[in-house]
Amino acid sequence: GLETPPSQCVGPEYRPATQKPTATVSKPLDQVPNIHILPQTPQLIALLTMIRDKNTGRADFIFYSNRIIRLLVEEGLNHLPVVGHEITTPVGRIYAGVKFEGKICGVSIMRAGESMEQGLRDCCRSVRIGKILIQRDEETSQPKLFYDKLPEDIADRWVLLLDPMLATGGSALMAVEVLKSRGVPEEHILFLNLIASPEGAKRFAEQVPKVRVVTAFVDQGLDEKNYIVPGLGDFGDRFYTL
Ligand code: URA
């Protein structure tokens with residue numbers, strides 16, 4: 001169903017609604033646990049407005065999507081486990097902090113997911129990154145695994161799965177099955193995504209309920225060619241070639 005997408009005043013809470021523009025914001029998807037939608041801040045909405053615009057050229061598309069990817073990675077890392085960690089500051093006082101516990105790796109779903117690798121590297125120095133290539137089989141029109149290269153100890157790592165567009169969910173679900181077949185527990189997978197369709201997000205959450213999804217936006221729906229609408233067109237084309 002393509003119901004009217006939600007509109008919201010965009011801006012800080014303390015500013016009166018009359019001084020804030022109205023914009024289309026993410027569908028809430030309250031009925032889908034495990035999906036975490038980034039706060040619909042003025043920054044995020046402005047960045048998404050840039051990359052959705054068909055008149056935005058490749059250089060700007062890359063720059064603004066990188067900023068959103070950075071937000072996704074930073075939020076995604078909040079879902080990894082930390083343990084208490086006390087340190088001493090240069091003035092001799094104790095600070096009770098935390099540190100990350102456990103090894104991580106990235107896995108990008110080629111080609112579009114590779115666009116998210118740099119954002120992950122910028123936050124996690126020398127992170128290992130694997131790749132999965134899934135393409136639609138021309139005969140069956142089902143997604144098919146063509147190639148994978150994953151760290152051999154991936155079963156002992158938390159996996160940040162990278163794909164900017166979650167349309168039908170077919171590729172993401174197949175990628176999760178590949179990871180599970182290599183011994184990664186579902187609950188150690190975190191899927192980072194820019195724009196999801198509501199049907200894709202629901203199907204994904206139903207089939208792999210323990211995988212956490214961090215997304216910037218749940219859009220209105222899918223068109224007859226399974227493009228996300230209003231969407232931004234083909235992410236890989238806009239990032240790599242157009
Ligand atoms: N992949 C894209 O790049 N765009 C869509 O709209 C859907 C899938």
Side-chain angles (χ1 to χ4, degrees), residues 10 21 23-26 36-79 104-136 146-149 159-172 175 190-197 200-201 213-220 222-223 225-242:
V10 172
T24 307
V25 295
S26 171
H36 303 271
I37 305 169
L38 292 186
Q40 303 292 295
T41 60
Q43 282 296 314
L44 179 63
I45 299 296
L47 297 172
L48 282 162
T49 306
M50 285 298 299
I51 66 167
R52 287 176 184 279
D53 189 339
K54 67 173 185 179
N55 293 316
T56 296
R58 179 160 174 257
D60 280 334
F61 187 85
I62 292 171
F63 181 84
Y64 292 104
S65 13
N66 278 339
R67 284 190 55 197
I68 304 175
I69 290 162
R70 178 64 176 250
L71 295 173
L72 288 168
V73 173
E74 296 281 6
E75 173 53 22
L77 294 174
N78 286 329
H79 295 272
I104 69 164
C105 70
V107 171
S108 60
I109 301 179
M110 292 160 75
R111 152 186 79 151
E114 293 174 292
S115 68
M116 301 172 75
E117 292 180 2
Q118 193 56 47
L120 180 58
R121 291 190 198 284
D122 290 343
C123 294
C124 308
R125 282 206 296 154
S126 68
V127 66
R128 302 217 40 197
I129 295 183
K131 290 178 191 288
I132 292 180
L133 176 62
I134 293 161
Q135 308 229 278
R136 196 168 297 279
F146 275 81
Y147 169 84
D148 70 82
K149 188 169 176 67
V159 178
L160 295 135
L161 183 62
L162 311 173
D163 194 358
M165 305 297 277
L166 174 64
T168 64
S171 307
L190 192 60
F191 181 39
L192 304 185
N193 170 253
L194 263 84
I195 302 183
S197 77
V213 182
V214 176
T215 188
F217 205 100
V218 179
D219 236 354
Q220 199 177 340
L222 294 173
D223 72 6
K225 289 159 72 189
N226 282 339
Y227 274 86
I228 298 176
V229 289
L232 48 69
D234 189 294
F235 190 95
D237 282 354
R238 297 195 64 192
F239 197 96
Y240 289 111
T241 64
L242 281 190

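Keep in mind that this is a model prediction, so the values were computed, not measured. These values consider heavy atoms only, across backbone and side chains, with no hydrogens, waters or symmetry-generated copies.
- Expressed to the nearest 0.5 Å, how far CG of Asn66 lies from CZ of Phe61 amounts to 10.0 Å.
- In this structure, the side chain of Ser108 does not engage the main chain of Lys131 through any donor-acceptor pair within 3.5 Å.
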Let me have the donor-acceptor pairs involving side chains of residues 227-240, under 3.5 Å, with sequence neighbours excluded, atom names and distances please.
unit_1	atom_1	unit_2	atom_2	d
Asp234	OD1	Gly236	N	3.1
Asp234	OD1	Asp237	N	2.9
Asp237	OD1	Arg111	NH2	2.9
Arg238	NH1	Ile51	O	2.7
Arg238	NH1	Leu232	O	3.1
Arg238	NH2	Asp53	O	2.8
Arg238	NH2	Thr56	O	3.1
Tyr240	OH	Ser115	N	2.9

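- Taking CG of Leu166 as the reference point, atom CZ of Phe217 lies at 14.5 Å (rounded to 0.5 Å).
- At least one side-chain heavy atom of Leu194 sits less than 4.5 Å from a side-chain heavy atom of Met116.
- Atom CG of residue Leu160 and atom CG of residue Leu77 lie 6.5 Å apart, to the nearest 0.5 angstrom.
- In this structure, a donor-acceptor pair under 3.5 Å is absent between the side chains of Asn78 and Glu74.
- Between the side chain of Gln135 and the backbone N or O of Phe146, no donor-acceptor pair lies under 3.5 Å.
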Worksheet item: Can Ile129 and Arg121 be said to form a side chain to side chain contact (heavy atoms under 4.5 Å, CB included), step by step?
Response: CA-CA 9 Å; Ile129 295 183; Arg121 291 190 198 284; 3.6 Å; yes
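- Side chain of Gln40 to main chain of Leu38: a donor-acceptor pair is present (N/O by atom type, distance under 3.5 Å, no hydrogens or angles).
- Between Ile37 and Ser26 the shortest heavy-atom distance is CG2-OG, 3.4 Å.
- Asn55 contributes atom CG, which lies 10.5 Å from atom CE of Met50 (distance to the nearest 0.5 angstrom).
- Within the 4.5 Å cutoff, no side-chain heavy atoms of Leu72 are placed close to those of Asn193.
- Contact check for Leu71 versus Leu47: side-chain heavy atoms found under the 4.5 Å cut-off.
- The two atoms that bring Ala216 and Ile68 nearest to each other are CB-CG2, 3.9 Å, heavy atoms only.
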Discussion item. Let's go through Ile132 and Ser171 carefully: what are the C-alpha distance in whole Å and the side-chain angles of both, what is the deciding distance for side chain to side chain contact (heavy atoms under 4.5 Å, CB included) to 0.1 Å, and is it a yes or a no?
Written reply: CA-CA 10 Å; Ile132 292 180; Ser171 307; over 6 Å; no
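- The closest side-chain heavy-atom distance from Ile195 to Arg52 is below 4.5 Å.
- Of all heavy-atom pairs spanning Asn226 and Ala167, the tightest one is O-CB, 3.6 Å.
- The shortest heavy-atom contact between Ala112 and Asp163 is CB-OD1, 4.3 Å.
- The structure places CD of Glu114 at 10.0 Å from CG of Leu162, a figure rounded to the nearest 0.5 Å.
- Between atom CD of residue Glu117 and atom CG of residue Asp122 there is a gap of 11.5 Å, rounded to the nearest 0.5 Å.
- Not a single donor-acceptor pair under 3.5 Å links the side chain of Asp219 to the backbone N or O of Ser197.
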